[in-house]
Amino acid sequence: MTLPPKVKLVDVGPRDGLQNEKQPVPAAVKVELVQRLQIAGLKEIEVTSFVSPKWVPQMADAAAVMAGILRKPGVRYSVLTPNMKGFEAAVLSKPDEIVVFGAASELFSQRNINCSIAESIERFAPVVAAARGAGIYVRGAISCAMYCPYEGEIASERVEMVARLMKGIGVQHMGVADTIGMATPLKTQRAMEAALKHYDLNDVSGHFHDTYGQALANTLISLQMGIWQFDASVAGLGGCPYAKGATGNVATEDVVYMLRGMDIDTGVDLDKLVDAGKFISDYLERKPNSRAATALLNKRA
Ligand code: HMG
Ligand code: MG
């Protein structure tokens, strides 16, 4: 079995994690979280979303958060942009990467971004063109690539279709998302294979929510396919406001613990990452939603 020697982790905690919090989280706390993540060695951080504040009030401070972060050389900062309005606001804050987020499920597309899959591609096309024209890297995300909270199981052909459409408008990277964390490894493999029909192995990543405890297994089967890029969320924060009942992404601490044990390099210092997770969990007055972090914090105590 050959596995990738290194893995690129994108910590999506400040965005995917905090977008789902009921109580407002001040911009200063988000900025501090980003700071602690980069101190822990994260080289890719998904900071925020330039979305409608009526839809996702938690992300209303996107510009303030981007203005507040202390950029560290070698670290890349990404933001979500669903349309030109979001892109035009985002570009002022100089992201390294933007994310256009579509779905393999029609109903989820409607609920999340208020348009059909076909309309979303039309909306993304000028965003992608403008970003690439400005030298900003464009990542795409396909939500509900395996299961949808409204449509149930999603056929891998739908993932292939959205990957093809995104490729057609110039999206450079494809993130395959198990939005509600229901997928098991073979289902994940089929969704990844569908994206790989249109994207190179080096341009596909996994974004696994951990609702059913399957995310590490889904990460492992993706690694076995040669996929080496994954999103994860410090302290397992998160969920999507339009996917009720879905919990956070796989905890970055759990992924780093697994990869470290497999001699796969992530560049992340697990102890400092646990500190970052504890910082935000303390702020939110809860325990980190990470088995590895819990074990390591118990050991410290
Ligand atoms: P809409 O209502 O159809 O938009 O929303 P519209 O173009 O008709 O405009 C309506 C109003 O929104 C106008 O304001 C616009 O200016 C404003 P008004 O004239 O009424 O005062 N507006 C905006 N304001 C700020 N920023 C913008 C923006 N666009 C329009 N970018 C829209 C369409 C896409 C904007 C809306 O549906 C939206 O913001 N959705 C975001 C949903 C979201 O953020 N979901 C969570 C992130 S996705 C996710 O978590 C999944 C992921 O993690 C992968 C996975 O796990 O699956 C990525
Ligand atoms: Mg997500």
Side-chain angles (χ1 to χ4, degrees), residues 10-21 46-63 66 78-93 95 97-105 107-117 119-124 126-127 130 139-151 154 158-159 162 166 171 173-183 188 191 195 205-211 215 218 230-233 236-252:
V10 182
D11 202 295
V12 299
R15 193 283 302 171
D16 198 325
L18 297 181
Q19 73 179 6
N20 210 35
E21 289 302 322
E46 196 171 276
V47 179
T48 186
S49 308
F50 287 84
V51 295
S52 162
K54 285 188 192 134
W55 284 64
V56 185
Q58 272 295 359
M59 297 285 111
D61 58 5
M66 283 299 278
S78 53
V79 301
L80 268 58
T81 55
N83 54 16
M84 274 312 285
K85 187 173 170 101
F87 176 75
E88 280 159 9
V91 77
L92 301 174
S93 67
E97 181 169 319
I98 58 145
V99 185
V100 290
F101 49 105
S105 145
L107 284 179
F108 189 80
S109 181
Q110 291 288 355
R111 301 280 171 97
N112 195 42
I113 51 174
N114 206 24
C115 64
S116 67
I117 294 172
E119 286 162 345
S120 74
I121 299 295
E122 275 172 40
R123 265 188 207 174
F124 298 153
V127 175
R139 172 155 51 101
I142 304 184
S143 289
C144 299
M146 299 87 163
Y147 293 92
C148 169
Y150 312 109
E151 289 186 13
I154 299 293
R158 315 260 332 150
V159 179
V162 181
M166 289 221 191
V171 173
H173 177 105
M174 188 46 55
V176 179
D178 181 13
T179 311
I180 53 175
M182 277 187 77
T188 299
S205 58
H207 174 108
F208 305 135
H209 284 260
D210 202 24
T211 319
N218 294 336
F230 299 94
D231 296 349
S233 181
L237 295 172
C240 175
Y242 297 97
K244 291 262 171 305
T247 61
N249 292 83
V250 63
T252 316

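Keep in mind that what you see is a predicted model, and the values were worked out from it rather than measured. The first residue of the sequence shown is numbered 1, and numbering continues consecutively from there. Both ligands and their constituent atoms are indexed starting at 1 by order of listing.
- At a 4.0 Å cut-off, not a single heavy atom of Ala246 sits close enough to ligand 1 to count as contact.
- Remark: atom 8 (O) of ligand 1 lies closer than 4.0 Å to no protein heavy atom.
- Of all the atoms in ligand 1, the ones that sit under 4.0 Å from a non-hydrogen atom of Gly86 are 31 (N).
- The protein atom (non-hydrogen) at minimum distance from atom 20 (O) of ligand 1 is Lys54 NZ, 3.4 Å.
- Under 2.8 Å from the Mg ion (ligand 2) lies an N/O/S atom of Asp16, whether from backbone or side chain.
- Of the protein's heavy atoms, at least one falls inside 4.0 Å of atom 5 (O) of ligand 1.
- Between Asp11 and Gly13, the shortest heavy-atom distance links the atoms OD1-N, 2.8 Å.
- Per-atom contact check: atom 2 (O) of ligand 1 touches the protein, criterion being a heavy-atom distance below 4.0 Å.
- Between the side chain of Thr252 and the backbone N or O of Ser233, at least one donor-acceptor pair lies under 3.5 Å.
- His209 pairs with exactly one of Thr179, Asp16, Asp178 by the side chain to side chain donor-acceptor pair (under 3.5 Å) rule, that one being Asp16.
- There is a protein heavy atom less than 4.0 angstrom from atom 24 (N) of ligand 1.
- Judged by distance alone, with hydrogens and angles left aside, the side-chain atoms of Arg111 form no donor-acceptor pair with the main-chain N or O of Tyr242 at under 3.5 Å.
- The protein atom (non-hydrogen) at minimum distance from atom 42 (C) of ligand 1 is Asn112 O, 3.0 Å.
- In this structure, Glu21 contributes its side chain and Leu18 its backbone to no donor-acceptor pair below 3.5 Å.
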Side chain to side chain contact (heavy atoms under 4.5 Å, CB included) evaluation trace for Met66 with Phe50: CA-CA 11 Å; Met66 283 299 278; Phe50 287 84; 4.2 Å; yes

Tell me, with the steps shown, if Phe208 and Thr188 meet side chain to side chain contact (heavy atoms under 4.5 Å, CB included). CA-CA 9 Å; Phe208 305 135; Thr188 299; 3.6 Å; yes

Should Phe230 and Val250 be marked as a side chain to side chain contact (heavy atoms under 4.5 Å, CB included) after you check the CA-CA gap, both sets of side-chain angles, and the distance that decides it? CA-CA 10 Å; Phe230 299 94; Val250 63; over 6 Å; no

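- A salt bridge links Glu46 with Arg139: the distance from a Lys NZ or Arg NE/NH1/NH2 to an Asp or Glu carboxylate oxygen falls below 4.0 Å.
- Less than 4.0 angstrom separates some heavy atom of Ala177 from each of these atoms of ligand 1: 54 (C), 55 (C), 56 (O), 57 (O).
- Expressed to the nearest 0.5 Å, how far CZ of Phe108 lies from SG of Cys148 amounts to 7.0 Å.
- The parts of Ser143 lying near ligand 1 are both backbone and side chain, judged by heavy-atom distances below 4.0 Å.
- Of the protein's non-hydrogen atoms, the one nearest atom 49 (C) of ligand 1 is Arg15 NH1, 3.5 Å.
- Using a 4.0 Å cut-off between heavy atoms, Val51 contacts ligand 1 through both its backbone and its side chain.
- In this structure, Thr48 contributes its side chain and Val79 its backbone to no donor-acceptor pair below 3.5 Å.
- With a 4.0 Å heavy-atom cut-off, ligand 1 is reached by the side chain of His209 but not by its N, CA, C or O.
- Put simply, atom 54 (C) of ligand 1 has protein non-hydrogen atoms near it, under 4.0 Å away.
- Looking at ligand 1, you'll find an N or O of Phe50 within less than 3.5 Å of one of its N or O atoms.
- Residue Lys85 holds the heavy atom nearest to atom 22 (N) of ligand 1 of all those in Lys85, Glu46, Arg123.
- Only the side chain of Val56 comes within contact range of ligand 1, with a heavy atom under 4.0 Å; no backbone atom does.
- No other N/O/S atom of His207 lies as close to the Mg ion (ligand 2) as NE2 does.
- Judged by distance alone, with hydrogens and angles left aside, the side-chain atoms of Thr211 form no donor-acceptor pair with the main-chain N or O of Ala246 at under 3.5 Å.
- Close N/O approach between His207 and ligand 1 is found [any backbone or side-chain N/O within under 3.5 Å].
- If you look at Asp178 next to ligand 1, there are no close heavy atoms at all, none under 4.0 Å.
- In the vicinity of Asp16, heavy-atom distances shorter than 4.0 Å reach the ligand 1 atoms 53 (O).
- Listed by number with element, the atoms of ligand 1 under 4.0 Å from a non-hydrogen atom of Ile113 are 33 (C), 34 (C), 37 (O).
- Distances between N or O atoms of Phe101 and those of ligand 1 include no value under 3.5 Å.
- The backbone and the side chain of Ser52 each have at least one atom closer than 4.0 Å to an atom of ligand 1 (non-hydrogen atoms only).
- Between Val159 and Ala145, the closest heavy-atom pair is CG2-O, 3.2 Å.
- When all heavy atoms are compared, the tightest approach of Asn114 to Trp55 is CB-CH2, 3.4 Å.
- Scanning all heavy atoms of the two residues, the minimum distance from Glu119 to Ser116 falls at OE1-N, 2.8 Å.
- Of the protein's heavy atoms, Gln19 OE1, 3.4 Å lies nearest to atom 46 (C) of ligand 1.
- Of the possible polar contacts, one joining the Asn218 side chain to the Ala183 backbone as a donor-acceptor pair under 3.5 Å is found.
- Among all non-hydrogen protein atoms, the one lying nearest atom 35 (C) of ligand 1 is Asn83 ND2, 3.7 Å.
- Its N, O or S atom nearest to the Mg ion (ligand 2) is what matters here, and for His209 that atom is NE2.
- For atom 11 (C) of ligand 1, the nearest protein heavy atom lies 4.0 Å or farther away.
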